Amino acid sequence: MKKLMLGNEAVARGAYEAGVTVASAYPGTPSTEITEFIAKYDDIYAEWAPNEKVALEVAIGASFGGARAVCAMKHVGLNVAADPLFTVSYTGVNGGLVICVADDPGMHSSQNEQDSRNYALAAKVPMLEPSDSQECKDYMIKALEISEQFDTPVILRLTTRISHSSSIVELKDREAVPLKPYKKDFGKHVMMPAMARKRHVIVEERMKKLALYAEETELNKIVWGSTDIGVITSGISYQYSKEAFGDASFLKLGMIYPLPEKLIKEFASRVKTLYVIEELDPFIETFLKKIGVNCIGKEKLPVIGEYSAALLRGKLLEEDTAGDNENHGDVPARPPVLCPGCPHRGVFYTLKKNKLTVLGDIGCYTLGALPPLESMDTCVCMGASIGMAHGIEKARGSDFARKTVAVIGDSTFIHSGITGLIDIVYNKGTSTVIIVDNSTTGMTGHQDNPCTGITLKGELTRQVDLVKLCHAIGVERVRVCDPFDLDEFDRVVREETSSDEPSVIIAQRPCALLKSVKYGGLVRVNADLCRYCKVCMRLGCPAIVDTGEGITINDALCGGCNLCISVCRFNAFEKAGDSNA
Amino acid sequence: MRNLSILIAGVGGQGTLLTSQVLGAAAMKAGYDVKMSEVHGMAQRGGSVVTYVRIGKNVNSPVIEKGGADILLCFEKLEALRWIDYAKEDGTVIVNDQRIDPMPVIIGSVKYPEGVIEKLSARFPNVLPVKALDAARELGNIKVLNIVMLGLMAKNTDIPVETWHEAIRETVKEKFVDLNIKAFDKGYQMAV
């Protein structure tokens with residue numbers, strides 16, 4: 001049977017067909033759907049972990065326990081999981097272990113553009129890279145086989161255009177893979193220095209064997225065409241290259257670490273001009289230079305952003321192509337915005353009003369940095385807001401801290417905010433941390449998390465009690481407040497920022513997109529009462545429109561949340577009709 | 001079997017992703033190779049959303065480049081203007097005659113361009129403005145304007161109506177299937 005599948009769905013299908021029984025992940029664009037699709041298979045246990053490090057540790061445990069296991073994350077998630085990664089490379093596996101990592105060239109939804117292939121090199125772990133959905137499935141299966149054959153974790157590297165593109169996949173049945181016996185193995189599983197030193201030797205031997213395997217495997221294949229141009233490439237760059245140089249010869253690398261020296265030399269010796277085409281860093285190219293193979297790569301091609309067939313033709317053949325795909329002329333930009341009815345709007349409206357310095361974090365609420373709310377000063381990585389609030393206090397003193405808050409989402413707080421808060425308590429900080437608790441993981445598409453009380457499989461579970469948690473780690477001042485109660489929220493923010501001990505404000509109101517949220521009735525403007533003072537425009541609500549002559553509500557967008565009613569001193573907003581929400 | 005590259009552009013929340021999924025499913029049923037590309041993450045947050053659908057005998061890249069789209073299917077006027085360079089010279093531009101202000105316009109830092117349809121028509125011979133929002137309102141749910149537009153677009157392909165209906169049945173949530181089939185048919189008739 002054939003099916004049109006998203007790359008991520010095909011990765012999940014591969015895990016299913018290959019008999020995987022345990023999957024753990026933390027959501028992150030563009031990797032999220034891998035685990036959501038895996039969760040649909042009854043034969044696989046699947047979960048959201050609090051962060052990527054835990055997800056990988058769960059997968060390692062499952063692998064040691066004899067099961068085939070996978071975990072999935074976005075590129076920056078692999079930074080969080082890097083600690084276990086570098087050591088599971090030493091221990092090796094029992095059941096097959098695959099780490100799926102999705103890079104985001106072009107940064108469609110990310111804070112940096114790192115090339116995760118460098119992790120394969122640094123952690124000495126083999127890496128495969130598919131170029132369409134069929135390969136997503138096939139390579140996942142192959143990665144599990146390699147993992148067991150060479151006693152190593154394997155990384156499956158994806159990019160946005162692979163994860164979030166769909167193409168046709170041939171489906172097969174699930175292979176029943178029996179659980180391997182669990183054996184206590186001190187020398188292999190306990191990485192104390194004496195054992196780790198021995199394992200490092202084995203890792204280096206393993207890399208040599210894998211390099212030989214790379215020469216033979218069908219994952220790396222030559223497609224001969226004209227020998228005037230030869231292209232060495234992998235992943236989505238293969239598709240762009242095929243489109244740009246259809247009749248050239250291709251060495252398509254499915255296994256991008258370790259690389260096949262002999263195969264590359266043979267291919268290079270038979271083509272006139274050799275291009276290496278890869279998005280982001282010169283990973284393959286550096287290897288070619290090391291083994292003395294001349295090629296054209298980053299001297300002509302960018303190390304920034306996504307490629308395209310037109311870009312390749314333009315840069316390599318110096319053709320006059322249509323040019324920069326990112327440039328849309330002078331058409332007004334349409335940046336993403338906080339949705340109508342978004343609970344974060346009340347938070348940022350208040351923070352801006354109080355002119356606070358806001359250390360921000362990663363999630364929907366990062367959009368509070370954009371005009372007109374413009375009330376977020378920083379965004380670095382998951383959990384950074386809290387540690388940074390503490391650091392800025394230690395640098396500039398407690399008077400500055402009284403005009404400073406950290407803002408972090410509920411899921412992000414669980415991911416890596418808790419340790420920062422412990423640091424504040426332990427090291428006598430006075431920061432105020434606002435946990436914007438919208439009862440979901442919003443930005444990645446509404447995943448449950450330990451605060452929601454529901455698992456990935458949709459089962460009810462124990463819920464983390466944020467108030468008790470904060471009390472337990474030593475924060476005595478914990479306030480729970482509705483950010484749409486603007487007067488009360490403003491009062492709480494003033495009180496807590498002026499206190500000289502650490503405090504947490506839990507701004508609690510569910511995401512307006514959740515099915516359980518029902519706001520009654522649209523809002524309309526009573527033109528007789530509107531003084532056109534534009535205070536409501538400070539909310540940055542996409543449904544409130546300034547026509548140049550007055551204020552109106554776009555009824556196709558209004559969610560009926562009533563926040564505009566709260567800010568208007570002239571009672572110019574009133575309820576009307578049914579809500580779209 | 002005709003090679004077709006179709007670019008679908010809209011505003012987050014307008015159903016751009018679902019439209020491309022129905023289109024992809026229909027093309028596959030009709031025996032085409034299909035590649036689609038979409039960018040998630042910002043899709044529900046009112047940002048500019050674009051998906052590419054490429055169908056043909058054998059498709060490599062899932063991405064459409066400037067000057068490469070046979071059909072531009074745009075759910076909002078400004079988005080049509082944003083992606084217009086992606087249409088082929090002889091391409092068809094189907095644009096929903098609806099204005100949704102982006103945040104920079106809402107806060108008054110830039111103006112929403114005037115005469116968008118005229119600007120598009122000046123550059124391309126085949127510009128088709130559509131009142132899809134009105135058509136969707138008549139069906140009782142403004143959210144199906146995307147499928148009305150898809151119905152309109154379907155006339156440009158050789159995929160039979162029944163195949164489109166099947167694709168909708170498979171892709172759309174069960175309780176919305178009838179509504180979406182009605183929306184598709186309405187759009188398909190509007191194209192006549």
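In this text, all values refer to a predicted model and were calculated from it rather than measured experimentally. First the proteins, then the strands, lettered A, B, ... as listed; each starts at 1.
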TODO: Check the surroundings of atom NZ in K315(A): do more than 12 heavy atoms from other residues, nucleotides or ligands lie under 6.0 Å from it?
DONE: no

TODO: Flag the one option from R161(A), K2(A), R538(A), K534(A) with the top tally of heavy-atom pairs under 4.5 Å to chain B.
DONE: R161(A)

- [ ] Search all heavy atoms of Y32(B) against all heavy atoms of I168(A) and return the closest pair with its distance.
- [x] O-CD1, 3.6 Å

Open item on the list: So that I can tick it off, tell me whether R54(B) and E243(A) are bridged by a salt bridge, with the cut-off set at under 4.0 angstrom between side-chain N and carboxylate O.
Closed with: yes

Task: Distance (rounded to the nearest 0.5 Å) between T547(A) OG1 and D101(B) CG - done: 10.0 Å

Task: Which atoms of P30(A) approach chain B - backbone, side chain, both or neither, heavy atom under 4.5 Å - done: neither

TODO: Measure distances from K3(A) to the heavy atoms of chain B and classify the residue's part below 4.5 Å as side chain, backbone, both or neither.
DONE: backbone

Open item on the list: I'd like to verify something: which residue of S163(A), G246(A), A309(A), P371(A) has the highest number of heavy-atom pairs under 4.5 Å with chain B?
Closed with: A309(A)

- [ ] Output the distance between atom CG (N60(B)) and atom OG (S241(A)), rounded to the nearest 0.5 Å.
- [x] 9.5 Å

Open item on the list: If I take atom OG1 from residue T160(A) and atom CD from residue E38(B), how far apart are they, to the nearest 0.5 angstrom?
Closed with: 11.5 Å

- [ ] Please look at L370(A) and chain B and tell me whether the side chain, the backbone, both or neither of the residue comes under 4.5 angstrom of a heavy atom of that chain.
- [x] neither

Open item on the list: Surrounding NZ of K182(B) (heavy atoms of other residues, nucleotides or ligands, distance under 6.0 Å), is the total greater than 12?
Closed with: no

Task: E174(B) CD: over 12 foreign heavy atoms closer than 6.0 Å - done: no

Task: Heavy-atom pairs under 4.5 Å with chain A, option from Q98(B), M28(B), Q21(B) with the top count - done: M28(B)

Task: Atom pair CE/CG of M36(B) and L6(A) - distance to nearest 0.5 Å - done: 7.5 Å

- [ ] Examine whether an atom of E76(B) lies under 4.5 Å from a heavy atom of chain A, and if so say whether it belongs to the side chain, the backbone or both; otherwise answer neither.
- [x] side chain

Task: Nearest non-hydrogen partners of P332(A) and L78(B), listed with the distance - done: CD-CD1, 3.7 Å

Task: Interface moiety of C342(A) toward chain B, non-hydrogen atoms closer than 4.5 Å - done: neither

TODO: To the nearest 0.5 Å, tell me how far R82(B) CZ sits from D330(A) CG.
DONE: 11.0 Å

TODO: Work out which heavy atom in D555(A) is nearest to a heavy atom in R137(B); give both atom names and the distance.
DONE: OD1-NH2, 4.1 Å

TODO: Give a yes or no on whether E114(B) atom CD has more than 12 heavy-atom contacts from other residues, nucleotides or ligands under 6.0 Å away.
DONE: no

Task: Nearest-0.5 Å distance, CG of residue L539(A) to CD1 of residue I107(B) - done: 13.0 Å

Task: For the student: nearest non-hydrogen atoms of R334(A) and I100(B), plus distance - done: NH1-O, 2.9 Å

Open item on the list: For D546(A) versus I106(B), what's the shortest heavy-atom pair and its separation?
Closed with: CB-O, 4.1 Å

- [ ] Let me see the working for Y240(A) and V63(B) under side chain to side chain contact (heavy atoms under 4.5 Å, CB included), right down to the final yes or no.
- [x] CA-CA 9 Å; Y240(A) 299 147; V63(B) 178; 3.6 Å; yes

Open item on the list: Any heavy-atom pair between the side chains of P335(A) and P104(B) that's under 4.5 Å?
Closed with: yes

Task: Option that, when pairs with chain B are counted at under 4.5 Å, heavy atom only, ranks first among P372(A), P340(A), S165(A) - done: S165(A)

Open item on the list: For V34(B), which atoms come within 4.5 Å of any heavy atom of chain A: side chain, backbone, both, or neither?
Closed with: both

Task: Nearest heavy atoms of E65(B) and S308(A), plus distance in Å - done: OE2-CB, 3.1 Å

TODO: Please flag which part of I84(B) lies under 4.5 Å from any non-hydrogen atom of chain A: side chain, backbone, both or neither.
DONE: neither

Open item on the list: Looking at N112(A), I'd like to know if its CG atom is crowded, meaning that more than 12 non-hydrogen atoms belonging to other residues, nucleotides or ligands lie closer than 6.0 Å.
Closed with: yes

